[in-house]
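Given the structure is predicted, the values throughout are model-derived calculations rather than measurements. What's counted below: heavy atoms across the whole structure, side chains too, no hydrogens, waters or symmetry copies. Lettering of chains follows the sequences in order, A, B, ..., and the numbering in each one begins at 1.
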Amino acid sequence: MDIRNIIKSALERLGIDAPPIELEVTRAEAHGDISTPVAMVLAGQLKKPPGKIAGDIVNAIGNGEMFEKVEIAGPGFINFFLAKDYIHKKLADLLKDPGKFVRCDMGRGEKVQIEFVSANPTGPLHLGHGRGAVVGSALANLLENAGYNVEREFYVNDAGRQVHLLGESVFARYMELCGRDYSFPEDGYRGEYIIDISKSIYNEEGDKYCNKGFDECSDYFIDYSYMLMLDDIKVNLEDFGVVFDSFRSEKELYSKGHVDSLIEFLREKNLVYEGSGATWFRSTEFGDDKDRVIIKSDGRYTYFASDIAYHFLKIKGGFRELINIWGADHHGYVKRVRSAIDALGFDPGRLKVILVQMVSLLKAGKPVQMSKRAGDFITLREVMNEIGRDTTRFIFLTRKPDSHLEFDLDIAKKHSAENPVFYVQYAYARINSIFRKAGEEGFDPDNLEYSHVKMLSEDEELRLIKKVLFYPILFEGAVNAREPHRITYYLQELAGIFHPYYSRHRVLGEDRNITVARLLLCRAIMIILNEGLSILGISAPEKM
RNA sequence: GCGCCUGUAGCUCAGUUGGAUAGAGCAACUGCCUUCUAAGCAGUGGGCCGGGGGUUCGAAUCCCUCCAGGCGCGCCA
C-alpha cells in the first residue's frame, strides 16, 4: 500500500514538514479501511485545530483511483475507504505472484542467529523447553520469510559440572548393576532414564568398569551419557517440528582455545583483574551491577567465561543480530552478557534476549511439582503424545513470551478437540475440499481467469479480500516486533471471516463466472492460511 | 531489601509500539445438517482494564506510587 506516500506528497504540497506517518488498519468498518491520526499529531506543531489540518490534507489528496472516499472523523482522523476496483486489482496481483505478496525483503539477507532451547543434555525435555522451542522455531521461520538469513543454534552445555554429575549418576547406577556400593552423588540425577543409560552401558561393556573408580573412566561415562541424551533431545525436537542448523559445543570452546584466547584478550585490554585468588571481569564498567568472576580461585572457569567467548564467536561469525531465547529464570544474566559484548567493542544492542516466562504445569487445577534432579517431571514427549503436536504448538503461540503460562493438562486435553488451531486448519481443509469438488465439476483450479475477481461484490467477500490484502502489514509488524504470535491471531481472524462466508454463500454455484471469482478468493485465502501455518510450524491438512 | 515479568469477561489469553464504542476462545443459555466437510453457522448474557496519582487533543498501553502473584539476585550451571 502506498497510502503513506500519498499523504506525504499531500503534505509537501501544503508546505508542511511531514512527521513519521502512522497508518493503522481500522477496527470498526465505519472508520474506513485505513486510518491515520497525522492531523492530530500536527495540530500541536502547527497551532491549528486538527479538523482544519485534516481538511487541508484531504483536499490536497484529491480523489485518486485508489479511494472510494476519504473522510474526516472523530477528533481529526483521516479515514480512507478503498475503492472496489483497487481492491480487485490488488487481489489479482496477489494471485499472479503469491510469493512476492506473502514474503518481503526487509532483512536484505542480513545474518541473524537465533539461539534457543539449549537445554542441558542431562535429561529429557520438559514443557518449558517446549515453549522456548516453539517460539524460537516460529520466529526463525518468520524472519526467514522476511528475507533474513537465519541460523538456528542449539548451545550444548557439554562441559562443566552438570554433565559431570550426569556421568557420575550413571556411573553410580552402573555400579549397582555390578553389585557394588557406590554412594550416589548428592546432587545427582535420580530419574528413571539414568538407570536406562547405565543398563545400556552394561549391556555394551559388561563389567569392564566395575573395578574402576569414577575418576578413571569419567570421560567415557560423561560422554556416553550426554551424547545419548542429546540424541534423545534432537529426536524429540524434530518430532515437535523444531530443527537446528547448528549445535555449538561448549567443550570445544575450551579445547579449541577460544576461552583462553578471549581471557588473554581481556587481560590485554585491562578488563580483568585478580582479587581474592580469582580473576574478575570488570562488568560494572559496562553497566552490570557488580563485577563477575571468570576464573575461580580453584582455577576452574565459570560458565560466564565460556559464555563471553561464545558470544564473541557469534559476533565474529558475521551475525548482525543475536537473538537469545532464554527461560525467564535467566533474566539476571542478560546485563552481564550485554556488558561483555560492550566490553569487546560491539554494540550491546545487537543482542536481543527474549525471556520466555515460566510454564507452570497443572493437573486438574493443581500444580505439578517438577524437579529434574529428583527425576520427577512430565516430559515434552508425554505432553505431545497426549495433547498433540499442532495443539501444543498453538497453545504456546497464542501467548506472548512475557506472559506466565498456566498449562493445565486436563484442560488442554479437554480442549484439544476444540482448540482454535482446528478452527484455522478446518478453514484450510474446507477450501481444499471445494477445490477437489471444483475439479470434478470441470474447473481447472490452476487456470482460472484472474479478471473474474471483479465479480466479487458481496460485503463479506470484500471484507475477506481486505483481510487477505492486509496480511503484509501484519506480517511486517510481526517481523519488526519479532513476535510470531501475531500471526496466530491473524489466522484466527481470517478463518473467523471465512467460515461465516462459507456457510452463507456457495462457492460452486449456478453462475460459472461467479464460481470462478469465488474460487479465486478461496485460492487467495488458502495461500495466506498455508503461509501463516507454515510460519507457525503447524500442519495445513487438506482433509480433516 | 534490590532487579525482571505479570495483573483485562467465570477460566485461558489478545489488544496492531499512545488512537475512535474493550476483543477472541472456552464455559453458560437458544436455535441451524436433503445442496461445496456441523472440527461449522446464527444469536444472548458477561468488564472499576489490580488501586491511586500524573503526562496530553487522547492512556489498558508511557511515568510515579501502592497492592497481589511468579522468577531471579553465588568463586552454581
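A/Thr398 contributes no side-chain N or O that forms a donor-acceptor pair with the base of B/C13 under 3.5 Å. For B/A77, the base has no donor-acceptor partner in the side chain of A/Asp187 [N/O atoms by modelled type, under 3.5 angstrom]. A donor-acceptor contact under 3.5 Å links the side chain of A/Ser35 to the base of B/A20.
Scanning both residues, A/Leu362 and A/Pro367, for their nearest heavy atoms gives CD2-CA, 3.5 Å.
A distance below 6.0 Å separates the ring centres of A/Tyr471 and A/Phe475. Taking the ring centroids of A/Tyr426 and A/His499, they lie under the 6.0 Å cut-off.
Checked by atom type, the side-chain pair A/Thr26/A/Glu29 shows no donor-acceptor distance below 3.5 Å.
Stacking annotation: A/His485 is not stacked on the base of B/A14 (requires ring centroids less than 5.5 angstrom apart and an interplanar angle below 30 degrees).
Residues forming a ring-ring contact (aromatic ring centres under 6.0 Å, His included) with A/Tyr301 (at least two apart in sequence, or on another chain): A/Tyr254.
OP1 or OP2 of B/U17 has not a single side-chain nitrogen or oxygen of A/Lys400 nearer than 4.0 Å. For the OP1/OP2 pair of B/A39 and a distance below 4.0 Å, the side-chain nitrogens and oxygens of A/Tyr426 include at least one atom meeting the criterion. Remark: A/Ser403 is in phosphate contact with B/A14, judged by side-chain N or O atoms under 4.0 Å from OP1 or OP2.
A/His505 comes within 4.0 angstrom of a base, heavy atoms only. As judged by a 4.0 angstrom heavy-atom cut-off over every strand, A/Pro50 is placed among residues making no nucleic acid contact. Counting any heavy atom pair closer than 4.0 Å across all strands shown, A/Arg504 reaches sugar-phosphate atoms only and no base atom. Residue contacts for A/Phe77: at a heavy-atom cut-off of 4.0 Å it reaches a base atom on one of the strands shown. A/Asn432 comes within 4.0 angstrom of nothing in the nucleic acid, heavy atoms only. Among the atoms of the strands shown, none is found under 4.0 Å from any heavy atom of A/Phe435.
Between A/Glu29 atom CD and B/U21 atom P there is a gap of 17 Å when expressed in whole angstrom units. Rounded to whole Å, the distance from CZ on A/Phe498 to P on B/C41 is 10 Å. Between A/Leu362 atom CG and B/G69 atom P there is a gap of 17 Å when expressed in whole angstrom units. The interatomic distance linking A/Asp289 (CG) with B/G1 (C1') rounds to 14 Å, in whole Å. Rounded to an integer number of Å, the gap from CD1 of A/Ile222 to C1' of B/A77 is 15 Å.
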Pull out every protein N or O sitting under 3.5 Å from an N or O of nucleotides 25-28 of chain B, one pair per line with the distance.
| residue | atom | partner | partner atom | Å |
| --- | --- | --- | --- | --- |
| B/C26 | O3' | A/Glu418 | OE1 | 3.0 |
| B/C26 | O2' | A/His415 | NE2 | 2.7 |
| B/A27 | OP1 | A/Glu418 | OE1 | 3.3 |

Anything under 3.5 Å between a protein N or O and an N or O of nucleotides 71-74 of chain B, put it in a table, one pair a line.
none

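Nucleotides B/G58 and B/C41, compared at atom P, are 41 Å apart to the nearest Å. One P atom belongs to B/G10, the other to B/G18, and the distance between them is 28 Å to the nearest Å. Taking the P atoms as reference points, B/G15 lies 28 Å from B/U55, given to the whole Å. Between B/U8 and B/G23, the distance separating the two C1' atoms is 10 Å to the nearest Å. Distance noted for atom C1' between B/G52 and B/G45: 32 Å (whole Å). Rounded to the nearest Å, the gap between the C1' atom of B/A27 and that of B/G72 is 36 Å. Across the P atoms, B/G70 and B/C29 are found 34 Å apart, a figure rounded to whole Å. Between B/U16 and B/C66, the two C1' atoms lie 31 Å apart (nearest whole Å).
For residues 408-419 of chain A, every residue pair satisfying the side-chain hydrogen bond (donor to acceptor under 3.5 Å, both in side chains) rule, not counting sequence neighbours, is listed here: A/Glu386-A/Lys413. Note on residues 428-441 of chain A: no pairs pass salt bridge (charged side-chain N to carboxylate O under 4.0 Å, His left out), not counting sequence neighbours.
Between A/Phe304 and A/Tyr333, the angle of the ring planes goes over 60°, which puts this pair in the perpendicular group of the 30/60° scheme.
For A/Pro500, whose side chain is taken as the heavy atoms from C-beta onward, the closest listed nucleotide among B/A42, B/C75, B/C4 is B/A42. Of the candidate nucleotides B/C41, B/U16, B/A14, B/U16 has the atom nearest to the side chain of A/Val25.
Here B/U65 is in the anti range [glycosidic angle more than 90° from 0].
Under the ring-ring contact (aromatic ring centres under 6.0 Å, His included) rule, A/Tyr155 has a single partner from A/Trp326, A/Phe247, A/Tyr310, which is A/Tyr310.
Proximity of a side-chain donor or acceptor of A/Ser249 to a complementary backbone N or O of A/Val156 within less than 3.5 Å is not detected.
Counting only Watson-Crick and G-U wobble pairs whose two key distances fall under 3.5 Å, RNA chain B forms stems of three or more stacked pairs at B:1-7 with B:67-73, B:10-13 with B:23-26, B:28-32 with B:40-44, B:50-54 with B:62-66.
The nearest heavy atom of RNA chain B to A/Thr36 and to A/Ala429 marks one nucleotide each, and the one closer to the 5' end goes with A/Thr36.
Summarising the geometry, atom OH belonging to A/Tyr490 is positioned 5.5 Å from atom CD1 belonging to A/Ile528; distances are rounded to the nearest 0.5 Å.
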